[in-house]
Peer 1: 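So that we are looking at the same thing, I have put the structure below in C-alpha cells.
This one's a predicted model, so the numbers in the text were calculated from it and none came from an experiment.
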Protein chains: 4
Amino acid sequence: MLVRIGCHFDHEAVGATPSLWQVRPRPDGPHRIESESWETPAPTRSYVDAYGNLCDRLTLPAGPSTLRYDATVEVPMAFDEFDISANQASIDDLPDEAFVYLLPSRFCWPEVLYDAAWEMFGATDPGWARAQAVSDWVHENIRYEVGASTPLTTAYDVWQSRVGVCRDLTQLGITLCRALNLPARYVGGYLPDIGVAPPDLPMDFCSWYEVWLGGRWWTFDPRNNEPRTGRVVIARGRDALDAAMVTIWGSAELKVMTVWADEAGGADGGD
Amino acid sequence: MLVRIGCHFDHEAVGATPSLWQVRPRPDGPHRIESESWETPAPTRSYVDAYGNLCDRLTLPAGPSTLRYDATVEVPMAFDEFDISANQASIDDLPDEAFVYLLPSRFCWPEVLYDAAWEMFGATDPGWARAQAVSDWVHENIRYEVGASTPLTTAYDVWQSRVGVCRDLTQLGITLCRALNLPARYVGGYLPDIGVAPPDLPMDFCSWYEVWLGGRWWTFDPRNNEPRTGRVVIARGRDALDAAMVTIWGSAELKVMTVWADEAGGADGGD
Amino acid sequence: MLVRIGCHFDHEAVGATPSLWQVRPRPDGPHRIESESWETPAPTRSYVDAYGNLCDRLTLPAGPSTLRYDATVEVPMAFDEFDISANQASIDDLPDEAFVYLLPSRFCWPEVLYDAAWEMFGATDPGWARAQAVSDWVHENIRYEVGASTPLTTAYDVWQSRVGVCRDLTQLGITLCRALNLPARYVGGYLPDIGVAPPDLPMDFCSWYEVWLGGRWWTFDPRNNEPRTGRVVIARGRDALDAAMVTIWGSAELKVMTVWADEAGGADGGD
Amino acid sequence: MLVRIGCHFDHEAVGATPSLWQVRPRPDGPHRIESESWETPAPTRSYVDAYGNLCDRLTLPAGPSTLRYDATVEVPMAFDEFDISANQASIDDLPDEAFVYLLPSRFCWPEVLYDAAWEMFGATDPGWARAQAVSDWVHENIRYEVGASTPLTTAYDVWQSRVGVCRDLTQLGITLCRALNLPARYVGGYLPDIGVAPPDLPMDFCSWYEVWLGGRWWTFDPRNNEPRTGRVVIARGRDALDAAMVTIWGSAELKVMTVWADEAGGADGGD
C-alpha cells in the first residue's frame, strides 16, 4: 500500500535561529520510500542519533521561512499486529537494548507510579493481557483534549489530571508499562486515517508506543486503541523529548504547520 | 601514576534478583588498565550501552552474595585541565553528539530553570567564565550533606532546598549549563584523594560533569571545585540515571558497600 | 557555495533483481543539503552501515527501470586544506577508530608492499611530507586510463601494471600509506570541476582518500593531486568495496548512467 | 556448565612495541563471566570496534613481557544447535547488518569462486542443506596441517592447495557460502575439548563461522564438522583479519603462547 506523507512548516524568526528537526522517517522503518523531496530554508546537516533517528540541523534565517518534506512510501497492508499469547520476558531474558526502556525518563516516572501500577494491573496476567489492560485503561480514563497539556507536562501530571493529548496518553501508557517491568518506548510518526471514521481534527503528527513482549516489539496506541494501518515511524526514544519534531534555540514564531498522511491513490495520488 | 580502584558489595536477597551494574571503568577512558579482577556471585553478561558505558547484568542469588571489582590503572599525572580562554560554541558549531546534552532529562530540567540561569549568569562572559561561574555558584550555595536527598530528587528540588550530595550538585550544575546553551554531561567514577586534605567521609563513588567548550569536553566538579588528579570514569550520560552504579529489580538488601581509589604505592599497593 | 549533485541510472533487468546503493551523500558530511529529491523504481529501505554510510536497498523490477537522485547542497568555499607541518601520530597516539584503517583490506594489501613502501618513502620526513610523497608518486607513476582495470583489480595489481582508474590510484595511495603506518581510508563522492580546466571525460563518481595526520583526517587525491573545492562525500570505508555505488544480486544491464556535480548558478541552477 | 578459559603470552621485544589484542571474550556473548583476571605488561586501553569486539591496545616494553587473561565463564550446556529445515533468506529479506557478510574481504573472495561454488553446490537445496554441504565438502577435501599456511594465505589459495589450518578451513567455508548468497561471518574464540576424543595437539585459539539461515546465525565448523559445546566467542568479523588475536607494529618475538579452555571441575577447577 502506498501512503503519501509529509509536512510543511512556515516560521517567522526574529534573527538567525538554530533548529533541530525530526520529521523525516527513520531510515530503518518497515516502510520503504518510493520517492521523496526535502526542501529547507537553509543548508541542512543530518545525523543519526543514538536511537537511530534521523535528525536535521539548520539555522532558520531571519524573517519568513518554509521547510517542507514530501514522500510516497510503501507500507505493509496489514493492520497493527497482535498476539494475545505473547508472554512477558523476565528481566533476565530481556535483550540488552531493552533496559533503557525500563528506566525513568524526563516525562515518564515509573518509580513514582510503581505502587499504583501494581495495584491496578497486578491482578492481570503478565504479558499481552497486562500490556493491553494498561492501554485500555489509558484509553478509557484519560480524556483526549487539544491544548490540555504543555511541553512540560509529565505522565504523572496526566495521571493526576486525567486529560491530555496524544503524547500524554502515550507517555502515561509507557510509564505504567515500565512500572510493571514491561520495556516500553515512545514512537512519533505519521498515521493515516485509513479505514476509520473521518477525523474531526486536522491531521497532525501522531505518537504511540511499543512494548517488548514475546521476543519482539509490538505497537500500542491508547489514543485509538484499535488496530490501524499505515504507520510510518519518524523517531523512537525514551519519551517525547527524544522524538521532538522541532527544537528551536531562539525566537521563531510558527505561522503554519500542515501534516499529511493519506493513502496514495492511483494516478491522482499527488497533491 | 598508578591508582588502585575497586569496590565490594555484599547483598542479601530474598529470592533471585535481577540486577544491572555500572562499576567497572568505561573501556575508552584516558586511564589504562594494568591488571584487574572481577568476581560476581552469578554468571554475568556484559554490554556496552548507547553512551559507551560498560554494563553488567546478573541475577543475585537468594541469600548473601558478594560482588567485587579490583584494578590497578594508570592515569595521567596531570590535575584537571582548564583553559579560561575556551569559548562557547554557537549551537550551529556543536558536534552532533553534543545535542543530547543540551536537552532536559529525568533529573535535569533546564527549561524550568531557564529564566533563573540567565538572570544569574547572563552577565558573565560566555564560554569558560560562564561555566566556571555556574560551578562556583553551586559549590558556594548548595550545602553538601550526606542523606540530604533521595533517588527521586531532581536538580530542581536541589535548587529549591539548597542542599544535596555529590550527585545533586552535579545535576544542578548540569541543569544550569544546559539552560545557558552549554552542553553538559554527567560522569560517575572513581576519584582518589590525592594531594588534598584527608577526607572525613569514607570513600564512595563520585560524580562530576563535563562541559563542551572550545571544541572539547572539560571536567567541572562543583563539590570539590578545585583541580584534582586521578579520576577514572565509569559511566557518562544525561544524568545520574544513565550512570547508576546498581539497579535492582526485586528485593535485595545492601549489607556492605566499600569503594576504594588510592594512589598505588610500590610493593605495598595491594590490600 | 551551492553545488548541484546527482545521478541517474537506467537498468534493464531480466527478473526482479535485489540491489544495494550508495549514491546519496553521507548524513554527516561537511556539506549541507538545501533541497533534494530521490526517486527509485521500487520501494526502498535505507540503513546506515558500520562506517556511517547511507545504504539503500531495493529490488529492481523486471524490465527497464530508472533511479534518480538530485540535490542542491552547500559546501565550504575553501579548497582542500593542507598543513605541511602536520605530524605523524605514533601508533600509541592514534584514536581507536583509526586502527581499522591501518589494516589490510580486500583491495589494499599493505603487508605485501611493506618493503617497497619503506624503500621508496622511508627517507622522507614522517608526517605530511611522507603522505604527500606517496600521493605525488602515485600521481606521477600510475597512468590514468579508462577501462584499465576491473572490479577485481587490487592495488597490488596496479602497483605492477602502473595503470588504472580513479579507484585504483586511490587504493594504491591507501596501501602505501598503511604500509608506512599512516591510517588511510577510502572515500567515494561527487567532485565538481570548479576552477579547473574543462574535463575531457564525462562526469563520473570520484574517489580519493583521507590520511590521519596531526590529529585529524586530510584529503589526498592522487588522480588530481591539487587542491579542489566542492567535494561531497557519499561513503567512506576500507577500500572501494565499502563504498560501491551499486551492488547487484542477479542480472540487470546498466543502460545509462549519468552523474552530475556542478556549481549551482543563480536562477538557472537546475537542469 | 562452567568453563575455564584464558591465555598466556610471553614476548621479547627489541624496543617499545605497540600492539593490539583480541583475546578477551566479546562483551555480548552467550557466555556469562563468573570471575576473570587480566594482567598486562603495560597500561592498556580498551575499545569496542565496529563489529562489537573488545580490543586492547598496549605498548609492549623492551625486553621480556607477559600478558595473561584468565576467566571462569558459564556457557550453555547445549551442543551446537542445528535445524535442517532452516531456509535461505532471499536477499530482500536479509537484515541490514547481514549485507557486509555477503561481500568479499581481504582473505575471502566469493566473486572469484562464484562459478565453482554454483557448480559444486547449485544442485543442493538452498538453505541448511546447502550450507551443510559446503561445510562437509571443506571438512572432507581440505587437509588440516599445522604450518600449511601463512598470514597472507587467502581462501582462494586454500581452494587451490587443498590444505590449511583452522583459519583456512573457516575462510574457505565462508567464501563458498557468500558466493552462494549465504551471509557468513568469521568467529574466533575458545573451544574446549568436551565430549570428544583427546586432542593430539596443544590447545590453541580456534575459529569457525556463522551462517544466516532461517532468521538467525548458526555455527558451522568445518574443521570439526560435528556439534561441540562450550564455545566462547572472542571476536567476529569479515575474516581472520578482523579477529586477529594480536597485531604488532614493530619487532617482538613471541616466546611462549599458552591457551586454555577446559570444563571447570568442582573445587579443583583452577590451576
Peer 1: Quick check for you: to the nearest 0.5 Å, what is the distance between C/His31 atom NE2 and A/Ser46 atom OG?
Peer 2: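 It comes to 7.0 Å.
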
Peer 1: I need the minimum non-hydrogen distance between A/Arg32 and C/Arg57, along with the two atoms involved.
Peer 2: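 Answer, listing the atom of A/Arg32 first, then C/Arg57: NH1-O, 4.3 Å.
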
Peer 1: Could you check whether A/Arg68 pairs with C/Glu36 (Lys NZ or Arg NE/NH1/NH2 to Asp/Glu carboxylate O, under 4.0 Å)?
Peer 2: no

Peer 1: Hey, is CZ on A/Phe82 packed in by over 12 heavy atoms from elsewhere, all under 6.0 Å?
Peer 2: no

Peer 1: For the interface with chain C, which of A/Glu39, A/Arg45, A/Arg26 has the highest count of heavy-atom pairs at distances below 4.5 Å?
Peer 2: A/Arg45

Peer 1: Indicate the atoms forming the closest heavy-atom contact of C/Ile33 with A/Thr40, along with that distance.
Peer 2: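 Where C/Ile33 meets A/Thr40 most closely, the heavy atoms are O-OG1, 3.5 Å.
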
Peer 1: Among C/Pro25, C/Cys55, C/Pro27, C/Ser35, which residue forms the greatest number of heavy-atom pairs with chain A at distances under 4.5 Å?
Peer 2: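 With the most close heavy-atom pairs to chain A, the winner is C/Pro27.
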
Peer 1: Minimum heavy-atom separation for C/Glu34 to A/Pro43, with atom names?
Peer 2: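 The pair with the smallest heavy-atom distance is OE2-CD, 3.5 Å.
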
Peer 1: What residue in A/Thr72, A/Val48, A/Leu54, A/Thr44 has the most heavy-atom pairs under 4.5 Å with chain C?
Peer 2: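 When all of A/Thr72, A/Val48, A/Leu54, A/Thr44 are compared, A/Thr44 has the most.
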
Peer 1: Is it the case that atom CZ in C/Phe79 sees more than 12 heavy atoms from other parts of the structure closer than 6.0 Å?
Peer 2: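 Count over threshold, so yes.
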
